[in-house]
Each structure stands twice: as C-alpha cells, then as structure tokens.
Amino acid sequence: MPTDGFTTCLWFDGQAEEAADFYVSVFKNSRLGRVGRYTDAGPGPAGSVMAVEFVANGQKFVALNGGPQFTFSEAISFQIFCDDQDEVDHYWNRLTEGGGEPGPCGWLKDRYGLSWQVVPARLIELISDPDPEKAARTTQVMMTMSKLDIAALEKAYAGE
C-alpha cells in the first residue's frame, strides 16, 4: 500500500479481518492488502490478526485489532455521495445488513458501530439553494427521513 496521503486506522476488538472483508465486498475499487499478525511479543495472542490493510472505494484503511478499550462514535463518520436512488439503496442496505442500525437524515451505523452518511450527491445543492424557501422545504423533508429518498427531496424542493 502506498505511503503517500492519509490512511484511516479503524480500531476493532477482534473483528479487523472480518470488517476489512466486509468493506471490500461493499465498495467498488476495493481490495485487501497485507495482514499483520501478533507475535510472541504480544499484546494479542501469537498468530492472531493484528492489522489488515485494505482499500475501500479507493480510500486507504488499516483495520486494527486493538482490543475493547475504544469504540466508534458518531463524532466520526464517512460520507458516501450517491448519483441515484439505486446507489443510495445499495449502500444503505449493505451497510445496515447483519446488525447495522438506521439513523436519521441518511446516517446509519454498520454492524461494527462505524457511522456512515449515505447522501444523494444533489442534496447539498438542494439544501444550499439561494432561494431560502426551496432550501427550507428540502431540509424539512430530509429531517423526517431515515434513508434519504431522492424523489421526495426533489418534490419538496419543487414545492410539490
């Protein structure tokens, strides 16, 4: 894995390899990389997975089996900008499957507790329109949604 740019390290409690496999299966332009294992020096059991490098949607990650000391919170989330409703549905369904939790306004937590925002690419344009009434209508409808519905957002924007 190249060392330029940023690599996001995700801390897990024993699920690093499983999580890396899952994320690689969800996103295009993804692949697994090197797997590092604990040695007799610890702190994990010798031979168990310490870290897995992977690329998901072209972004570099390391999944680290660091233990139970830290967990994910909504303070950090990944945004996925989607071109159409099929793409919104794909990411929403895949990331909530197996124990994920839907949240408000396009937010969700996956089965590992990592927060994601599944966002129609056009949403930012709609809610930041210079016409405050269009932006307000769109925002008001968005606030009632869990998974975002592009058609409903567009209708609100149009005043229908």
Heavy-atom nearest pair, Val52 first then Glu17, reads CG2-CA, 3.9 Å

Check: Does Asp131 CG have over 12 foreign heavy atoms under 6.0 Å away?
Finding: yes

Minimal heavy-atom distance between Val88 and Leu148, with the atoms involved, is CG1-O, 3.6 Å

Check whether any side-chain heavy atom of Asp129 lies under 4.5 Å from a side-chain heavy atom of Thr138, and answer yes or no.
no

(message) Under a 4.0 Å threshold between the charged nitrogen and the carboxylate oxygen, would Glu53 count as salt-bridged to Arg34?
(response) yes

Between Pro102 and Gly100 the two heavy atoms that sit nearest each other are CD-O, 4.1 Å

Does Tyr91 have its ring centroid less than 6.0 Å away from the ring centroid of Phe78?
no

Checklist entry - Linking I/L/V/M/F/W/Y whenever their side-chain heavy atoms sit closer than 4.5 Å, directly or via other members, would Val118 and Phe72 fall into one cluster? => result yes

With the side chain counted from C-beta on, respond yes when Gln117 and Ile80 share a heavy-atom pair under 4.5 Å apart, and no when they do not. no

* Any link between Trp11 and Leu114 through a network of hydrophobic side chains (Ile, Leu, Val, Met, Phe, Trp, Tyr) touching at under 4.5 Å? -> no

With a 4.5 Å heavy-atom cut-off, do Phe22 and Arg94 have their side chains touching?
-> yes

Check this for me: Glu97, atom CD, are more than 12 non-hydrogen atoms of other residues, nucleotides or ligands nearer than 6.0 Å? yes

Query raised in the report: Ser30 side chain to Lys28 main-chain N or O, any donor-acceptor pair under 3.5 Å?
Result: yes

TODO: I would like to know whether Val141 and Lys155 meet side chain to side chain contact (heavy atoms under 4.5 Å, CB included); could you show each step before the answer?
DONE: CA-CA 10 Å; Val141 167; Lys155 281 184 177 181; over 6 Å; no

Under 3.5 Å: donor-acceptor pair, side chain of Asp13, backbone of Asn65:
no

Residues passing the side chain to side chain contact (heavy atoms under 4.5 Å, CB included) test with Thr71, sequence neighbours excluded, are none

>> Donor-acceptor check, side chain of Arg31 to backbone of Val55, threshold 3.5 angstrom: yes or no?
In response: no

Between the CG atom in Leu126 and the CD atom in Glu154, the distance rounded to the nearest 0.5 Å is 5.0 Å

Count the heavy atoms of every other residue, nucleotide or ligand shown that sit under 6.0 Å from CD of Glu160, and state whether that count exceeds 12. yes

Does Thr96 reach the main-chain N or O of Glu101 with its side chain, forming a donor-acceptor pair under 3.5 Å?
no

Give a yes-or-no answer on whether the side chains of Glu74 and Ser115 include a donor-acceptor pair shorter than 3.5 Å.
no

Q.
Tell me if the aromatic rings of Phe12 and Tyr112 count as close, with their centers under 6.0 Å from one another.
A. yes

Residues Asp110 and Tyr23: side-chain donor-acceptor under 3.5 angstrom: yes

inquiry  = Less than 4.5 Å apart, side chain to side chain, heavy atoms only: is that true for Pro43 and Tyr38?
reply    = yes

The ring-ring contact (aromatic ring centres under 6.0 Å, His included) partner of Trp116 among Trp92, Phe81, Phe27 is Phe27

Separation between OG1 (Thr7) and CD (Gln59), nearest 0.5 Å, reads 9.5 Å

Separation between CG (Leu153) and CE (Met145), nearest 0.5 Å, reads 4.0 Å

